Amino acid sequence: SQMTDLQECIGGMEMEKFYLGFDAGTQSVKVTVYNEKMECVASTSAPTTLTYPHPGWVDMDVDEYLALTINGMAECSRQMREKGLDPKQIQSIMGDGIICGIAGVDEEGNAITPYINYLDSRTQEDEVLINSWEAAYFDFTGDTIVELAKEAKALGIDMVVMDDVW
């Protein structure tokens, strides 16, 4: 019957798959969706807020980061629907965030302090770091990064940061 033929045809069609990535960075939160051909199908970026309550201090709002990420995902979903693409076909979500910092949270996981990031002078005594992007730019491999980490450790450096330079 025609209905059986139609069902077989639809059943044989493979839905396009998508992959969402977000980067909650120091200057902005970026959300992008790619298809399997690595073509960008939706993208958005929203600036973050840095406050400077005292000289040398830099605070960021943890709740703002979460809200910007959620809003960015919603905007990308809207863009996909506008193009006739189904956001339900997003297969995975990958996130990335600011290099390093600290925020106090309560028992329920709610932020009770601002996020104090690596730009803040209060963190200088806690760590010395080498950023892989600053050290190697695009000229690195896994072996290069391992060697960088070994050299950093020999110098007494506590942290090597893998920076994807979104």
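Remember, it's a predicted structure, so these values are computed and weren't measured experimentally. The residues of the chain are indexed from 1 along the displayed sequence.
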Which donor-acceptor pairs under 3.5 Å do the side chains of residues 49-59 make with protein atoms, sequence neighbours left out?
from : atom 1 : to   : atom 2 : distance (Å)
T49  : OG1    : E64  : OE2    : 2.7
T51  : OG1    : D59  : O      : 3.3
D59  : OD1    : R122 : NH2    : 2.8

List the atom pairs, donor and acceptor, that lie under 3.5 Å between side-chain atoms in residues 84-91 and the rest of the protein, sequence neighbours left out.
from : atom 1 : to  : atom 2 : distance (Å)
D86  : OD1    : K88 : N      : 2.9
Q91  : NE2    : Q89 : O      : 2.8

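For the atom pair S43 OG and L20 CG, the distance stands at 10.0 Å (nearest 0.5 Å). The structure places CZ of R78 at 9.5 Å from NZ of K83, a figure rounded to the nearest 0.5 Å. To the nearest 0.5 angstrom, Q27 atom CD is 6.0 Å from T48 atom OG1. With rounding to the nearest 0.5 angstrom, the CE atom of M94 is 15.0 Å from the OH atom of Y19. Note that the CD1 atom of I70 and the CZ atom of F22 stand 10.0 Å from one another [nearest 0.5 Å]. Annotation: the span from E82 atom CD to S77 atom OG amounts to 12.5 Å, rounded to 0.5 Å.
Criterion: ILVMFWY side-chain heavy atoms under 4.5 Å apart, direct or through other members. Under it, I93 and V31 are part of a common hydrophobic cluster.
Between the side chain of Y34 and the backbone N or O of A42, no donor-acceptor pair lies under 3.5 Å.
Minimum interatomic distance between V41 and F18 (heavy atoms only, all atoms of both residues): CG2-CD2, 3.9 Å. Scanning all heavy atoms of the two residues, the minimum distance from K30 to S45 falls at CG-OG, 3.5 Å. The heavy-atom pair separating D63 from A111 by the smallest distance is OD1-CB, 4.5 Å. In this structure, A24 and V29 approach most closely via the heavy-atom pair CA-CG2, 3.9 Å.
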